[in-house]
**Student:** 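Questions regarding the structure given below will be posed in turn.
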Amino acid sequence: MRDLYDAIIIGAGAAGLFCAGSAGLAGQRVLVLEHGPEPGRKILISGGGRCNFTNLDVSARNFLSANPHFAKSALAGFTAKDFLALMDAAGIAWHEKTLGQLFCDGSARQIVALLLARLQGAELRTGCGVDSVRHDGVFQVETTQGRFSAANLVIATGGLSIPKLGASDFAYRLARQFGHEVVAPRPALVPLLCDEPWIGALAGVSAPVLARAGKMTFRENLLFTHRGLSGPAVLQASSYLAPEGRLEVDFAPGQNLEEALPAAKRSRAKAGLKAVLGEILPARLAAHLAAPYPGNLADLPDKALRALGAGLHQFAFQPSGTEGFAKAEVTAGGVATSGLNSRDCGSKLVPGLYFIGEAVDVTGWLGGYNFQWAWASGHAAARGLSTRHISEGAAHGE
Ligand SMILES: Cc1cc2nc3c(=O)[nH]c(=O)nc-3n(C[C@H](O)[C@H](O)[C@H](O)COP(=O)(O)OP(=O)(O)OC[C@H]3O[C@@H](n4cnc5c(N)ncnc54)[C@H](O)[C@@H]3O)c2cc1C
């Protein structure tokens with residue numbers, strides 16, 4: 001049966017390409033179908049063009065999921081070190097930027113080239129839209145380039161983020177078709193919208209903060225934008241923010257402004273609040289916060305200074321929404337992990353069906369975690385595939 005592949009992988013992004021490479025190396029005959037014009041488009045724009053391809057410190061704690069344990073098995077089966085071994089073997093130079101985040105020295109194109117070089121033997125069709133999928137012993141995939149059949153089907157079509165790069169809800173529709181549940185997708189790692197005009201007036205100002213959403217805190221930079229808030233601290237917190245939830249920001253983490261501001265009044269009574277705050281905060285933010293308090297520190301009651309200091313450690317923003325999937329780096333939610341085996345991301349309902357990467361309800365923090373999940377889940381599924389055979393799928397009438 002020449003036209004029967006061991007596996008068809010739909011989606012040639014990070015997860016699909018990596019899975020195809022691993023499956024091919026294990027001797028599987030694989031076909032990858034991509035509806036976009038080229039593979040790995042998100043990889044190319046990631047990490048400002050340098051791709052933050054993994055993180056030195058990856059654990060299930062760095063991921064959101066209805067089942068916080070689900071990612072553990074795949075992450076343990078293919079680690080950041082394993083990916084680094086591939087980078088080193090390919091001679092791709094990399095560096096740690098901050099917080100364990102690893103980037104290419106050169107360009108994200110090197111990662112796509114690495115993934116394509118690994119494809120050995122796998123067939124890749126771009127510009128190939130998928131019309132429908134049937135399962136009658138084998139998977140029959142009707143596409144704009146004809147019908148293809150395989151014993152196994154891997155869905156690697158990602159989430160809803162950045163529709164202009166080919167994002168689609170295909171994974172969710174297909175999951176439902178085969179009886180799987182889908183955790184409602186929502187934008188994550190996404191800038192927040194805030195209606196207050198003073199925030200837009202500070203656009204471009206960046207400050208190191210501790211941002212808190214629910215129980216999670218992130219100590220990184222906050223950036224004021226024309227429409228609200230962004231920067232790594234805010235993007236991280238956005239993934240944990242409940243709808244209509246408040247973002248709490250400590251503008252002076254590790255300091256005690258409640259004591260420091262009244263103390264400054266005693267040591268520098270003639271200084272203005274703007275100047276004192278300007279030593280702690282960016283000048284434009286300090287000027288905004290000090291505007292209601294003209295005059296010298298000596299003119300301000302200790303009580304007001306203490307309240308101002310305390311307020312800067314617990315500054316509450318009430319976002320009116322997010323910039324949505326058009327700007328979200330990832331999609332939280334997705335194919336429910338309850339229907340998947342954590343060992344290989346295979347369906348518990350339909351043998352031979354797999355879901356990997358961002359399509360699954362596993363969402364990483366900012367910092368290389370989402371790519372590590374793509375590599376690890378792709379690798380896990382490839383291992384699952386290689387334990388199944390064409391004859392197994394067909395003969396058992398699955
Ligand atoms: C701007 C930006 C920067 C990012 N930077 C980083 C970073 O530095 N580090 C990091 O870890 N993560 C980063 N991410 C997140 C990361 O890119 C994703 O989590 C990762 O690409 C997910 O891989 P995936 O293969 O699951 O999905 P994708 O990479 O989205 O790939 C899915 C593929 O499926 C194709 N597809 C969709 N529907 C269909 C269909 N119906 N038929 C056929 N093909 C289909 C798509 O065209 C796409 O090629 C970034 C995301 C964005 C948007």
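Just follow the structure's listing: the first ligand is 1, and inside any ligand the first atom is 1. Numbering starts at 1 and runs along the sequence shown.
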**Student:** Can you spot which of N52, N62, T54 makes a side-chain hydrogen bond (donor to acceptor under 3.5 Å, both in side chains) with Q372?
**Tutor:** T54
**Student:** Within a radius of less than 6.0 Å around CD of E181, do more than 12 heavy atoms belonging to other residues, nucleotides or ligands occur?
**Tutor:** no
**Student:** Decide side-chain hydrogen bond (donor to acceptor under 3.5 Å, both in side chains) for E34 and T126; before the verdict, give the C-alpha distance in whole Å, the side-chain angles of both, and the deciding distance to 0.1 Å.
**Tutor:** CA-CA 5 Å; E34 164 62 48; T126 53; over 6 Å; no
**Student:** Take atom CZ in R246; do more than 12 heavy atoms of anything else shown fall under 6.0 Å from it?
**Tutor:** no
**Student:** Determine all donor-acceptor pairs shorter than 3.5 Å in which one atom belongs to a side chain in residues 284-297; sequence neighbours excluded.
**Tutor:**
{"from": "R284", "atom 1": "NH1", "to": "A203", "atom 2": "O", "distance (Å)": "3.4"}
{"from": "R284", "atom 1": "NH2", "to": "A201", "atom 2": "O", "distance (Å)": "2.9"}
{"from": "R284", "atom 1": "NH2", "to": "A203", "atom 2": "O", "distance (Å)": "3.3"}

**Student:** Suppose we call two aromatic rings close when their centres sit under 6.0 Å apart. Are F355 and H180 close by that rule?
**Tutor:** yes
**Student:** So if I only count non-hydrogen atoms and take anything under 4.0 Å from ligand 1, which residues does that give, chain by chain?
**Tutor:** I10, G11, A12, G13, A14, A15, L33, E34, H35, K42, I45, S46, G47, N52, A156, T157, G158, I162, L165, G166, S168, F170, E329, V330, G357, E358, G368, Y369, N370, F371
